[in-house]
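Working notes, beginning with the structure itself.
A, B, ... follow the sequence lines: proteins, then strands. Residue 1 opens every chain. Note that the structure is a prediction, hence the values are computed from the model and not measured.
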There are 2 protein chains.
Amino acid sequence: MKHNGKLALALHSLGHLALSQTPMTSEAIAAQNQTHPVVVRRVLGRLRAAGLLQSEKGHAGGWRLARPAAQISVADVYAAIDEPFLSLQLPKAPPECGIVAAMQTLVSAAMTEAEAVLHSHFARQSIADLAQAMQGHGHAAPEKPAFLPGDSPL
Amino acid sequence: MKHNGKLALALHSLGHLALSQTPMTSEAIAAQNQTHPVVVRRVLGRLRAAGLLQSEKGHAGGWRLARPAAQISVADVYAAIDEPFLSLQLPKAPPECGIVAAMQTLVSAAMTEAEAVLHSHFARQSIADLAQAMQGHGHAAPEKPAFLPGDSPL
DNA sequence: GTTTCATGTAACTTTTATAGTTACATGATT
DNA sequence: AATCATGTAACTATAAAAGTTACATGAAAC
């Protein structure tokens, strides 16, 4: 599967922007993410379109949060990226076949619910939470409790 | 995102195999799925390795279920395919950064739980359930099937 | 035993999605 | 005006999935 790094890039950038007093340039952000400034502009451009970020040209320009980090949830970012991250393909065989139709129903329902689970996880964490993980001690902060831990069979 | 059609191919094939009295060839299955016989062998080969299917060479050879369709769950098939269907990429940025570490924790937990939801959906449906969807209404009753003249009563 | 049928698999090609890059326009600050 | 930074289109590169070719293996039919 061809992986998709847009969410990771977006969250990492937002986390650093939350900690920065001044705007950050695409070039600085690209360096932190080991990628290219144009890629940064493409991804952050979606967040700007969603009202999460603002950008300025010229001297002292760059990117900054459009509202406080505590008021930007990871789910907001996930929605702003607006890409399907689940790669289960629905069949190309003719849906007149009852098997195909039944499969479509099943897979669609499962994917919808899986997306809902992702969303509910992401809705509980804000960019401020991610940024705090860096200021705290420089390492991973546990996720906010949302579900009972340890009951995932996968 | 690069879509992945292996699960759809596998489920559709198994559904028809559940209804067939005789083995089906890769060529016949490929025609039903509008794909190539070698692709069918690649995908069904994984199901054989997982003990869900058996294959025979030569005349009257082909594929058949290794056990009754009611005893093969969609989750069994999903597990046999054994591919990651969630394309959220964990960051390539150095994990010494606390933001990256926190993000990894969050995304991993969310993906794990999303996978669990898929699994629980798929565990509730068997291949027999899918096949029933065809016999119930759906499509042409067990008349002469499309793939071979004469002796293949599906 | 040879022909035919079908799977098994490696190797290659094609397709497509993501990421990376180049080039240039636009606007803001100095 | 010069510089800095974003905005975007167009192109290239990489990687994953599917499609295809080629050939080996084994089983049944003749």
Answer yes or no: is there an ion pair linking A:Lys6 with A:Asp82, defined by an N-O contact shorter than 4.0 Å?
-> no
For A:Glu56 and C:dG27, what is the distance between atoms CD and P respectively, to the nearest whole Å?
-> 13 Å
Kindly say if B:Arg48 contacts the phosphate of C:dG8, meaning a side-chain N or O under 4.0 Å from OP1 or OP2.
-> yes
Report yes if a side-chain nitrogen or oxygen of B:Thr35 is closer than 4.0 Å to either non-bridging phosphate oxygen (OP1 or OP2) of D:dG19; otherwise report no.
-> yes
B:Arg64 CZ to D:dA27 C1', in whole Å, measures 13 Å
note: B:Trp63, atom CH2; C:dA6, atom P; distance rounded to Å ~ 14 Å
B:Gln32 and B:His12 side chains, donor-acceptor separation under 3.5 Å = no
Salt bridge between A:Arg46 and A:Glu83, side-chain N to carboxylate O under 4.0 Å?
-> yes
So, is B:Ser26 close to the C:dA6 phosphate, meaning a side-chain N or O under 4.0 Å from OP1 or OP2?
-> no
Give a yes or no on whether A:Glu27 atom CD has more than 12 heavy-atom contacts from other residues, nucleotides or ligands under 6.0 Å away.
-> no
To the nearest angstrom, how far is B:Asn4 atom CG from C:dA17 atom P?
-> 14 Å
Kindly indicate whether the side chain of B:Arg42 and the base of D:dT20 share any N or O donor-acceptor pair separated by less than 3.5 Å?
-> yes
Is A:Gly45 touching bases, backbone alone, or none of the nucleic acid, heavy atoms closer than 4.0 Å?
-> nothing
A:Lys57 NZ to D:dA2 P, straight-line distance once rounded to whole Å | 20 Å
Whole angstrom is fine here: how far is it from CG in A:Leu88 over to P in D:dA16?
-> 18 Å
Are any of A:Arg41's side-chain N or O atoms less than 4.0 Å away from OP1 or OP2 of D:dG7?
-> no
Name the residue closer to the 5' end of DNA chain D, choosing between A:His59 and A:Pro37 according to the nucleotide with the nearest heavy atom.
-> A:His59
Which whole-number value in Å describes the distance from A:Asn33 CG to C:dT18 C1'?
-> 16 Å
Return the 5'-most residue of the pair A:Val38, B:Ala60 with respect to DNA chain C, ranking by each residue's nearest nucleotide.
-> B:Ala60
Report yes if at least one side-chain N or O of A:Thr25 is closer than 4.0 Å to OP1 or OP2 of D:dC4; otherwise report no.
-> no
Just by distance, do the side chain of A:Ser87 and the backbone of B:Phe85 share a donor-acceptor pair under 3.5 Å?
-> yes
Using atom CD of B:Gln54 as one end and atom C1' of C:dA6 as the other, report the distance to the nearest whole Å.
-> 16 Å
